[in-house]
There are 2 protein chains.
Amino acid sequence: MTQAVDLTEKFAAFSDHWRPRVAAQLNGQDVRLVKVQGVFPWHSHADADEMFLVWKGRFRVEFRDRVVALEPGQFIVVPRGVEHRTAADEEAEVLIFEPSEVINTGDAPVSDFTAPQGQTV
Amino acid sequence: MTQAVDLTEKFAAFSDHWRPRVAAQLNGQDVRLVKVQGVFPWHSHADADEMFLVWKGRFRVEFRDRVVALEPGQFIVVPRGVEHRTAADEEAEVLIFEPSEVINTGDAPVSDFTAPQGQTV
């Protein structure tokens, strides 16, 4: 892919929550775009670090012992194996960097939050 | 790293051009922040795809046969092996996502543009 990709345009192309879309792939990693609202299940990823960069809105990454609140232009890396959940009181738009094989709900039981893999935007 | 990282704050912490700073590492990849102005040497990376996401200003990725102009919130992935150079008429701020071992000038001769590896911010 050597075309310009516009984040605002890509986020405008879908509206469901907790359903990441793959906007690019490189070096075995995905750039995923996701709209979130509400609270995601607790989980971890044994073999993958995850980066969350907030594009729009307010977003939280919750750990068992603390909460990290993020605004647009702020990011966090959740190291592999660390239990966490993500949350937003109002809709937020988030860019995720992680290995292409990552399932969004990690080691949590499959649920309505478990997204199909490889949906592109 | 499980702290919030603020891109505006990180970009304010350095001022030199063409000297990427590592803002985070995950899954063998770097998140690098760079300020650019002028024209970078032609080069390619045999084993690494490179993503450029514009944070501030106007930025170009030039290929031998065309130019892709990017504005804030737009990104491009340059596939491994593809010759390119980056450029900006006025200072721009760019987030780069690429494997941690990548040298910024790739297969071009070492020059003043060749940045030290692993400088953090």
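This is a predicted model, so every value here is computed, not measured. Here is the naming used below: chain letters follow the sequence lines, and residue numbers restart at 1 for every chain.
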*Would you mind reporting whether Val77(A) and Val5(B) have side-chain heavy atoms less than 4.5 Å apart?*
no
_Do Val22(B) and Phe97(B) sit in one hydrophobic cluster, given that two such residues count as connected whenever their side-chain heavy atoms are within less than 4.5 Å of each other, even indirectly?_
no
_I need the residue from Leu70(B), Leu95(B), Asp49(B), Val82(B) with the largest number of non-hydrogen atom pairs under 4.5 Å to chain A._
Asp49(B)
_Atom group of Val54(B) that falls short of 4.5 Å from chain A, counting heavy atoms_ = neither
*Picking from Glu98(B), Arg80(B), Glu50(B), what satisfies side-chain hydrogen bond (donor to acceptor under 3.5 Å, both in side chains) with Asn27(A)?*
Arg80(B)
_Looking at every non-hydrogen atom in both residues, tell me the closest pair between Trp55(B) and Gly73(A) and how far apart they are._
CH2-CA, 3.4 Å
*Tell me, for Val61(A) versus chain B, whether the close heavy atoms (under 4.5 Å) come from the side chain, the backbone, both or neither.*
neither
*Indicate the atoms forming the closest heavy-atom contact of Phe75(A) with Ala24(B), along with that distance.*
CE1-CB, 3.6 Å
_Which portion of Phe63(A) sits near chain B, non-hydrogen atoms under 4.5 angstrom_ = side chain
*Would you find more than 12 non-hydrogen atoms of other residues, nucleotides or ligands less than 6.0 Å from Asp112(A) atom CG?*
no
*Heavy-atom count around Asp107(B) CG within 6.0 Å, excluding the residue itself: above 12?*
yes
*Would you say Arg58(A) has more than 12 foreign heavy atoms packed within less than 6.0 Å of its CZ?*
no
*Same cluster or not: are Val34(B) and Val102(B) linked, directly or through other Ile, Leu, Val, Met, Phe, Trp or Tyr residues, by side-chain heavy atoms under 4.5 angstrom apart?*
no
*Can you name the closest pair of heavy atoms from Gln3(A) and Ile76(B) and give their distance?*
O-CG1, 3.6 Å
*Check whether any side-chain heavy atom of Gln29(A) lies under 4.5 Å from a side-chain heavy atom of Leu26(B), and answer yes or no.*
no
*Largest heavy-atom contact set with chain A, pairs under 4.5 Å, which of His84(B), Glu71(B), Arg66(B)*: Arg66(B)
*Should Val68(B) and Phe40(B) be counted in the same cluster of Ile, Leu, Val, Met, Phe, Trp and Tyr side chains packed under 4.5 Å apart?*
yes
*Take Leu53(B) and Val31(A) through the test side-chain contact (heavy atoms from CB on, under 4.5 Å) and record every step on the way to the result.*
CA-CA 11 Å; Leu53(B) 170 62; Val31(A) 178; over 6 Å; no
*asked:* Check for me, please, whether Ile103(B) and Trp42(B) land in the same ILVMFWY cluster - side-chain distances under 4.5 Å, paths through other members count.
replied: no
